[in-house]
Amino acid sequence: MATGSSIFLIALGAILTFAVDATISGIDIDVVGIILMIAGGIGLLVSMVWLDKATSPRSERVVEERHTTHSA
């Protein structure tokens, strides 16, 4: 999940939780909003960790090649 979609889920969840007063039979919109905010927060943390690992300096391996000559 990318950073942008995580922020979108957090914003959508906040809108459903704090701004929508509609009621739907069998669905609690506040709970759906909280679930979306939690999913967006987890996605944001995962994408930040993934981005940190992708941009951190990597240790480089130096491989020396030895050229040998074979005498016949």
Side-chain angles (χ1 to χ4, degrees):
M1 183 178 301
T3 306
S5 57
S6 298
I7 293 173
F8 175 76
L9 284 178
I10 293 170
L12 182 63
I15 290 169
L16 288 177
T17 301
F18 302 117
V20 175
D21 288 335
T23 57
I24 298 175
S25 174
I27 297 175
D28 190 357
I29 293 180
D30 290 339
V31 173
V32 172
I34 291 170
I35 290 171
L36 288 175
M37 286 191 287
I38 290 171
I42 291 171
L44 187 62
L45 288 174
V46 168
S47 65
M48 291 176 111
V49 168
W50 180 60
L51 182 65
D52 182 50
K53 287 187 179 189
T55 59
S56 65
R58 297 184 180 126
S59 62
E60 295 182 18
R61 286 179 53 186
V62 177
V63 178
E64 287 187 27
E65 292 185 20
R66 293 192 298 175
H67 297 284
T68 58
T69 57
H70 296 286
S71 57

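Residues: numbered from 1 along the sequence shown.
Residues Val49 and Ile10 do not share a hydrophobic cluster, clusters being chains of Ile/Leu/Val/Met/Phe/Trp/Tyr side chains in contact below 4.5 Å. Residues Trp50 and Leu45 fall into different hydrophobic clusters, defined by Ile, Leu, Val, Met, Phe, Trp and Tyr side chains chained together at heavy-atom separations under 4.5 Å. Both Ile15 and Ile24 are members of a single hydrophobic cluster when ILVMFWY side chains are connected at heavy-atom separations under 4.5 Å. By the rule that hydrophobic residues join a cluster once side-chain heavy atoms approach within less than 4.5 Å of another member, Ile38 and Val46 end up as members of one cluster.
Ile7 is linked by a side chain to side chain contact (heavy atoms under 4.5 Å, CB included) to Thr3, Leu44, counting only residues two or more places apart in sequence or in another chain.
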Under 3.5 Å, which donor-acceptor pairs link side chains of residues 28-37 to any protein atom two or more places apart or in another chain?
| residue | atom | partner | partner atom | Å |
| --- | --- | --- | --- | --- |
| Asp28 | OD1 | Asp30 | N | 3.4 |

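In plain terms, the two heavy atoms of Ser6 and Gly43 that are nearest each other are OG-C, 3.2 Å.
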